[in-house]
Every structure is written in C-alpha cells, then in structure tokens.
Amino acid sequence: MCEFLSIRGICDDGGELQARDLDRWHREAPFRRKLVRADGVSLERAAMMAWEAGYFPDVPQPLWDGPDNMHPVSEEMLLAALERELRADYAHVWADHDAEFFA
C-alpha cells in the first residue's frame, strides 16, 4: 500500500505520518518514491484511493443512503494499515501453520 500511495504522495498537515515514521519509508530501499510530500493528497483522499484500489477487502461497499456512503475507510483505518505495513506485521501468516510445519 505504501508503494501505491507513494505515486501521488500524502500531505502530512497534522504530523500523523511523521509521528509514525512514515516520512522515512523511502529510505529503506533504493529508488523508492517519497510517501510524505508537500504536494500529496490528503489523508482522506489517500484512504479513498487505497479502498478503491482494493487494499481494504474487508470493508464492504457502502450503502447509498447510509451514513458512511462517501468515506467507507477512515483516516484512522488508513494510518493503522500503513503502520502495520511499515512494521511488517506478518503474524497472521504464521498462525495458519501447525507444529509439523515448524519442525
């Protein structure tokens, strides 16, 4: 998701991304684009872009007359997903195997 969102970049007006070290994401590998840029999109728009691209498959399509019909993914959900990706939270991968796999 970080790679996808770095194409347009995210503007960090409130400092939420910098507090999570996402402003240094591009330093982990050569030739990465910066994720946090002054000319990037807002967090709200970035959350919508990520949802439209399929990065939140567990979030259902909003109802037309529902209260969340414009923003099914909140900024907090986006920040949590970005932080999980940054911290490489792969605990769910290891949970699917039994003791024989690890032997």
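Just the heavy atoms: all of them, side chains too, but no hydrogens, waters or symmetry mates, feed the values below.
- Rounding to the nearest 0.5 Å gives a distance of 7.0 Å between OG of Ser6 and CZ of Arg37.
- In terms of heavy atoms, Cys11 sits closest to Gly40 at CB-O, 3.6 Å.
- Counting non-hydrogen atoms of neighbouring residues, nucleotides and ligands closer than 6.0 angstrom, the CD atom of Gln18 reaches no more than 12 such neighbours.
- We find the CZ-CE distance between Phe4 and Met49 to be 4.5 Å, quoted to the nearest 0.5 Å.
- Under the side chain to side chain donor-acceptor pair (under 3.5 Å) criterion, Arg45 pairs with no residue, sequence neighbours left out.
- With sequence neighbours excluded, no residue forms a ring pair (Phe, Tyr, Trp, His ring centres under 6.0 Å) with Phe56.
- Pairing each heavy atom of Leu82 with each of Ile10, the nearest pair is CD1-CD1, 4.3 Å.
- To the nearest 0.5 Å, atom CG of residue Asp58 and atom CE of residue Met77 are 6.5 Å apart.
- Within the structure, the salt bridge (Lys or Arg N to Asp or Glu O under 4.0 Å) test picks out the following pairs touching residues 1-16 (sequence neighbours left out): Glu3-Arg33.
- A pairwise comparison of heavy atoms in Ala47 and Ser74 identifies CB-O, 4.0 Å as the closest pair.
- In terms of heavy atoms, Met1 sits closest to Ala81 at CE-CB, 3.4 Å.
- The two atoms that bring Trp25 and Leu35 nearest to each other are CE3-CB, 4.0 Å, heavy atoms only.
- Rounding to the nearest 0.5 Å gives a distance of 12.5 Å between CG of Leu78 and CE of Met48.
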